[in-house]
Amino acid sequence: MVTKTEESQLNKLENQVENGGGGAWEYLCLARKLKVRRSDKVLKYGLSILNDSRKRSSLGPDEWTLYEQVAVAAMDCHAVDVAKDCISALQKKFPESKRVGRLEAMLLEAKGSWEDAEAAYSSLLEDNPFDQVIHKRRVAIAKAQGNISAAIEWLNKYLEIFMADHDAWRELAEIYVSLQIKQAAFCYEELILSQPTVPLYHLAYADVSLLFPYLPSLASAALEKEYKLHASDKLSVLTSTLKCLRVSS
């Protein structure tokens with residue numbers, strides 16, 4: 001999770017670059033470090049470096065990291081030709097790389113070649129069953145095709161391997177909530193157990209509890225206990241929610 005300080009630093013760099021003050025590479029490095037996908041800016045600033053031979057050569061080995069970063073940003077921005085050029089450069093440098101192979105599969109996905117992309121991902125997972133990015137891409141493909149049952153299946157399989165991935169638990173919970181499936185509560189319970197001091201998980205659990213008759217009293221108790229321990233000054237914010245929970249129970 002990006003802190004306010006980190007976000008402020010990134011915004012400051014972005015404003016600096018936009019106003020001609022330099023710092024494009026520093027911005028790209030920070031965006032990569034924070035795993036922030038401001039794809040339009042990454043594409044713009046990345047190309048400004050890659051298209052300048054002097055700037056590009058000054059990066060040394062980091063040139064290839066930038067090609068990868070720009071390729072992903074280009075796919076996010078539907079700039080398929082740019083992504084293809086970046087991946088081609090990486091292929092020439094690393095012809096046997098599985099990492100580049102993953103980018104090739106992502107390019108197929110970006111083009112809407114779902115079956116080819118799925119086949120490519122399946123092949124890559126045979127070589128490395130623990131590639132988190134590929135597992136998540138399979139979920140993305142299912143969701144893009146509107147196949148929610150497949151997305152649920154892939155997310156559950158992913159979480160059997162990577163149980164500590166909070167983002168995946170939250171994504172699965174949100175899908176369950178949209179379908180009003182009670183397993184959403186279990187997902188938020190996992191999140192609360194792993195990150196008990198995050199208020200949003202407790203609030204989400206309370207919201208979910210309203211959908212099912214046997215959960216409200218449990219959620220009410222959990223919310224009150226958590227906020228008395230960690231944020232007693234915010235209890236007033238939850239008053240109406242807790243009242244609703246008690247009425248429902």
Side-chain angles (χ1 to χ4, degrees), residues 1-112 117 120-121 124 128 130-141 143-144 158 162 164-168 170-171:
M1 186 177 294
V2 179
T3 66
K4 289 185 178 180
T5 301
E6 291 169 334
E7 186 176 4
S8 176
Q9 185 181 0
L10 191 64
N11 289 335
K12 183 178 179 180
L13 273 173
E14 184 175 309
N15 289 331
Q16 178 180 309
V17 179
E18 288 293 322
N19 292 318
W25 175 244
E26 288 75 12
Y27 175 90
L28 292 164
C29 289
L30 184 58
R32 191 165 58 247
K33 176 184 176 183
L34 300 178
K35 298 181 179 179
V36 173
R37 291 181 76 160
R38 298 189 181 184
S39 300
D40 56 335
K41 300 300 182 184
V42 169
L43 179 59
K44 179 181 177 181
Y45 303 157
L47 285 178
S48 72
I49 296 174
L50 291 177
N51 291 335
D52 186 316
S53 58
R54 182 181 59 81
K55 291 180 181 178
R56 187 175 68 246
S57 61
S58 70
L59 297 179
D62 285 333
E63 172 186 348
W64 309 109
T65 302
L66 182 57
Y67 268 115
E68 181 182 29
Q69 187 177 10
V70 172
V72 174
M75 285 185 274
D76 284 347
C77 296
H78 308 290
V80 175
D81 290 339
V82 174
K84 185 177 179 181
D85 289 342
C86 290
I87 294 171
S88 293
L90 289 165
Q91 285 172 327
K92 291 178 182 177
K93 180 65 177 178
F94 310 103
E96 302 299 325
S97 171
K98 299 297 182 183
R99 188 162 174 166
V100 176
R102 185 172 66 194
L103 288 173
E104 292 174 319
M106 290 172 67
L107 184 59
L108 290 170
E109 182 185 341
K111 292 178 178 178
Y121 287 140
L124 289 166
N128 181 12
F130 302 105
D131 190 318
Q132 288 182 270
V133 173
I134 294 178
H135 280 286
K136 288 188 174 183
R137 293 320 310 164
R138 297 180 93 174
V139 175
I141 287 178
K143 291 173 74 173
Y158 171 82
F162 306 103
D165 190 327
H166 303 137
D167 289 337
R170 189 165 59 250
E171 183 178 4

List in chain and number order the residues that pass side-chain hydrogen bond (donor to acceptor under 3.5 Å, both in side chains) with [X], two or more places apart in sequence or in another chain; answer none if no residue qualifies.
{"X": "His78", "value": "none"}
{"X": "Arg56", "value": "none"}
{"X": "Arg170", "value": "Asp167, Tyr201"}

Ser48 side chain vs Tyr45 backbone, donor-acceptor pair below 3.5 Å: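 It does hold such a pair.
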If we ignore hydrogens and angles and just use 3.5 Å, is the side chain of Glu63 paired with the main-chain N or O of Ser57 as donor and acceptor?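 Checking the backbone N and O of Ser57 against the side chain of Glu63, no donor-acceptor pair under 3.5 Å is found.
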Tell me, which pairs form a side-chain hydrogen bond (donor to acceptor under 3.5 Å, both in side chains) where one or both residues lie in residues 22-33, sequence neighbours left out?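 Pairs touching residues 22-33 that pass the test: Glu14-Tyr27, Arg32-Gln69.
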Nearest heavy-atom neighbours spanning Gly23 and Leu13: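 Between these two residues, the closest heavy atoms are O-CD2, 4.3 Å.
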Heavy-atom closest contact (Val17 atom, Ala24 atom, distance):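 It is CG2-N, 3.6 Å.
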So how far is it from [X] [atom1] to [Y] [atom2], rounded to the nearest 0.5 Å?
{"X": "Leu28", "Y": "Thr65", "atom1": "CG", "atom2": "OG1", "result": "11.5 Å"}
{"X": "Arg102", "Y": "Arg137", "atom1": "CZ", "atom2": "CZ", "result": "10.5 Å"}
{"X": "Thr3", "Y": "Leu34", "atom1": "OG1", "atom2": "CG", "result": "7.5 Å"}
{"X": "Met75", "Y": "Leu108", "atom1": "CE", "atom2": "CG", "result": "10.0 Å"}

Heavy-atom check, side chain of [X] versus side chain of [Y], under 4.5 Å:
{"X": "His135", "Y": "Tyr121", "answer": "no"}
{"X": "Glu6", "Y": "Val36", "answer": "no"}
{"X": "Lys111", "Y": "Leu107", "answer": "yes"}

Listed partners of [X] passing side chain to side chain contact (heavy atoms under 4.5 Å, CB included), at least two apart:
{"X": "Asn128", "answer": "Phe130, Asp131"}
{"X": "Gln9", "answer": "Leu30"}
{"X": "Gln132", "answer": "Tyr158, Phe162, Asp165"}

The test is side chain to side chain contact (heavy atoms under 4.5 Å, CB included); show your working for Val2 and Leu10 and say whether it passes. CA-CA 10 Å; Val2 179; Leu10 191 64; over 6 Å; no
Quick one: list whatever passes salt bridge (charged side-chain N to carboxylate O under 4.0 Å, His left out) with [X], sequence neighbours left out.
{"X": "Lys44", "answer": "Glu18"}
{"X": "Lys12", "answer": "none"}
{"X": "Arg99", "answer": "Glu68"}
{"X": "Asp40", "answer": "none"}

Donor-acceptor pairs are to be reported for all side-chain atoms of residues 81-90 against protein atoms at under 3.5 Å, with residues two or more places apart or in another chain.
residue, atom, partner, partner atom, Å
Ser88, OG, Lys84, O, 2.9

